[in-house]
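Just the heavy atoms: all of them, side chains too, but no hydrogens, waters or symmetry mates, feed the values below.
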Amino acid sequence: MFTDWAEALEAESLPLDPTSAQQLAAAARLTARSSHDKHDMTLLLDALGLPTDPDTLTALLPLIPETGDAPTIDLLQPCA
């Protein structure tokens with residue numbers, strides 16, 4: 001919170017550039033990598049105001065992290 005109203009008024013007058021297509025694509029990829037499944041990814045993209053059309057979802061599906069049978073590494077066990 002600003003203690004000086006002049007600073008607050010200056011901050012409000014700063015121009016904001018619209019988000020570029022590259023920034024939107026990067027946000028969508030990061031969201032996909034943070035998702036648990038397709039449904040989760042769709043909800044997250046929608047909440048962020050990013051496209052959820054079938055073409056976008058299909059392109060992002062390979063970025064969803066693998067779950068289930070992925071091998072796990074026990075970092076607490078000493079190497080032999």
| note | Rounded to the nearest 0.5 angstrom, the CG-CG distance for Leu50 and Asp53 is 11.0 Å
| query | Hey, does the side chain of Asp46 reach the backbone of Thr42 with a donor-acceptor pair shorter than 3.5 angstrom? | reply | no
| query | Residues sharing Leu43's hydrophobic cluster, by side-chain heavy-atom contacts under 4.5 Å among ILVMFWY, directly or via others? | reply | none
| note | Nearest heavy-atom contact between Thr56 and Pro51 is CG2-O, 3.7 Å
| What heavy-atom pair brings Arg33 and Pro65 nearest, and what distance separates the two atoms? | O-CG, 3.1 Å
| Under 3.5 Å side-chain donor-acceptor pair for Thr58 and Asp55 | no
| Does Leu45 share a hydrophobic cluster with Ile64, counting links as ILVMFWY side-chain heavy atoms below 4.5 Å and allowing steps through other members? | yes
| request: Calculate, to the nearest 0.5 Å, the distance between atoms NE2 and CG belonging to His39 and Leu44 respectively. | output: 9.5 Å
| Heavy-atom pair with the smallest gap, counting every atom of Thr52 and Leu57 | O-CD1, 3.5 Å
| Just by modelled atom types, is the Leu9 backbone N or O under 3.5 Å from a matching donor or acceptor in the Glu12 side chain? | no
| task | Answer yes or no: is there a side-chain heavy-atom contact under 4.5 Å between Leu61 and Met41? | result | yes
| message | Please check: side-chain N/O of Ser34 versus main-chain N/O of Leu30, any donor-acceptor pairing under 3.5 Å? | response | yes
